[in-house]
Amino acid sequence: MVFSSKQQLKKAICIPIRQQQRWATAFRWWSSLGRIVGKALYEGILLEYNFAPLFVSKLVGRYAFLDELSSLDVELYRNLMYLKHYEGTHQSSHWTSQSQRSTGEHSIVELRPGGSHIAVTNENKLQYIHAVADYKLNRQMAAVVAAFLGGLSDLIQPEWLRLFNPKEFNQLLSGGEQDVDVEDLRAHTQYSGGYSDSDRTIQMFWQVVAGLSREEKSQLLKFVTSCSRPPLLGFKHLHPPLTIHKVIMLRLDVTDVNGGLYLIEKIRHQLLATSPVGVQAPQPAIDHP
């Protein structure tokens, strides 16, 4: 469900008046985050992090069921399964659930009208278990999902999201899990500052990259694109494309062998460092504008 205004959203989730200002701030925050993700999807910019499958399923408008509670709260799921098979007396159990607000405060929520005065019994425990799961999986996060989806919808039509399951959505957002195809990356790399693919330094650079381990190639990709995974459809769809720019800081006369070894050590060192790549020679400084 997508609400057309903050007033409708507040009314739908029964937020007290004293909390409306606090909620308005949270609404703007989640809406802004939704717009950022929408912009990334629209422009084909990969993000490093994935969304939880449960959250994605809510974005596409799917109702979540009891079995999915284990992905959100394993301990709660186990307790509910224990309660399901427990035949003893349920002491001090009522139709309520504890909720944590964004401020860290805890509140008790009635799972049905008058739930704080309704005891959990063997006769109604199945309904209680499903009510807890419904609250945790659907009702509790409805406000956050609505706010996020409201911002996302400014750039992406919600109907398009329903074409994908959670795994496909995350691959679209964050790239595929396949190894980095060095030849494909090289074919779609741009050069500036006087470099070209035929330069000796560039050829040595690609030889070094081809010899890196899978983890090191992922680290290199994250260093230059902020995402460790390649685009789902290949580097032709990397926006903006990888660019290697020539910056001459100090010219050293090195042989092909020594230069290659130097590049290997320099690249591996920079993958573990936070400073920009700076290779002394005519060096490839890797930019991603």
Side-chain angles (χ1 to χ4, degrees), residues 1-65 68-69 71-73 99-105 107 109 133-177 222 225-233 237-240 288-289:
M1 180 177 182
V2 181
F3 298 89
S4 59
S5 68
K6 287 181 286 187
Q7 289 73 22
Q8 292 179 3
L9 181 57
K10 293 171 188 174
K11 183 177 180 181
I13 60 177
C14 303
I15 296 180
I17 296 177
R18 67 179 180 275
Q19 298 179 11
Q20 290 188 6
Q21 184 175 5
R22 184 183 300 167
W23 165 245
T25 300
F27 181 92
R28 289 192 295 269
W29 191 90
W30 282 105
S31 294
S32 298
L33 182 59
R35 292 188 188 97
I36 292 173
V37 173
K39 179 178 174 62
L41 287 171
Y42 185 81
E43 296 186 354
I45 299 174
L46 297 181
L47 302 180
E48 175 65 15
Y49 300 102
N50 292 330
F51 286 117
L54 176 62
F55 185 73
V56 178
S57 70
K58 304 311 297 179
L59 291 180
V60 300
R62 191 174 64 81
Y63 184 85
F65 295 92
E68 298 172 80
L69 183 60
S71 66
L72 179 67
D73 191 328
S99 176
Q100 183 176 5
R101 301 170 183 167
S102 58
T103 58
E105 301 174 350
S107 63
V109 177
D134 175 60
Y135 176 73
K136 292 294 185 179
L137 296 173
N138 299 295
R139 293 166 52 194
Q140 188 177 37
M141 65 176 66
V144 169
V145 172
F148 184 92
L149 190 57
L152 182 66
S153 300
D154 289 343
L155 293 100
I156 302 292
Q157 295 185 21
E159 293 77 12
W160 295 353
L161 301 180
R162 299 189 180 99
L163 297 173
F164 307 98
N165 60 37
K167 181 178 180 180
E168 292 169 340
F169 178 88
N170 278 322
Q171 288 180 333
L172 187 66
L173 180 68
S174 305
E177 297 295 336
K222 183 177 181 180
T225 70
S226 298
C227 184
S228 60
R229 292 175 293 276
L232 193 60
L233 300 178
H237 298 275
L238 179 65
H239 301 292
H288 196 256

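These numbers come from a predicted model, not from an experiment.
- Side-chain contact check for L152 versus L161: some heavy-atom pair is nearer than 4.5 Å.
- Residues D134 and R139 meet the side-chain proximity criterion, which asks for heavy atoms closer than 4.5 Å.
- Panel note: side chain S226, backbone K222; no donor-acceptor pair is recorded below 3.5 Å.
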Query raised in the report: Should L46 and S174 be marked as a side-chain contact (heavy atoms from CB on, under 4.5 Å) after you check the CA-CA gap, both sets of side-chain angles, and the distance that decides it?
Result: CA-CA 5 Å; L46 297 181; S174 305; 5.9 Å; no
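- Under the 4.5 Å side-chain criterion, counting only non-hydrogen atoms from C-beta, E159 is not in contact with V60.
- Taking the side chain as every heavy atom from C-beta outward, L238 and T225 approach each other to under 4.5 Å.
- Note that NZ of K58 is 11.5 Å distant from CG of L149, once rounded to the nearest 0.5 Å.
- Distance check, rounded to the nearest 0.5 Å: CZ of F164 to CG of L173 gives 11.5 Å.
- Side-chain contact check for K136 versus D73: every heavy-atom pair is 4.5 Å or farther apart.
- L72 CG to L137 CG: the interatomic distance, rounded to the nearest 0.5 Å, is 6.0 Å.
- One finds the CG atom of L232 at 9.0 Å from the CD atom of E168 (value rounded to the nearest 0.5 Å).
- A salt bridge between E68 and R62 is present, with a side-chain N of the basic residue lying under 4.0 Å from a carboxylate O of the acidic one.
- Between R229 and E177, the closest side-chain pair of non-hydrogen atoms falls below 4.5 Å.
- Rounding to the nearest 0.5 angstrom, the gap separating the CD1 atom in I45 from the SG atom in C227 is 11.5 Å.
- Considering only residues two or more places apart in sequence or on other chains, F55 meets the ring pair (Phe, Tyr, Trp, His ring centres under 6.0 Å) condition with F51, F148.
- Side chain to side chain, S228 and E48 meet the donor-acceptor criterion of an N or O pair below 3.5 Å.
- For the pair L54 and S57, the minimum side-chain heavy-atom distance is below 4.5 Å.
- In this structure, the separation between CG on L163 and CD on Q157 is 10.5 Å, given to the nearest 0.5 Å.
- Partners of Y49 under the ring pair (Phe, Tyr, Trp, His ring centres under 6.0 Å) rule, at least two apart in sequence or in another chain, do not exist in this structure.
- In this structure the side chain of I156 reaches within 4.5 angstrom of the side chain of Y42, judged on heavy atoms.
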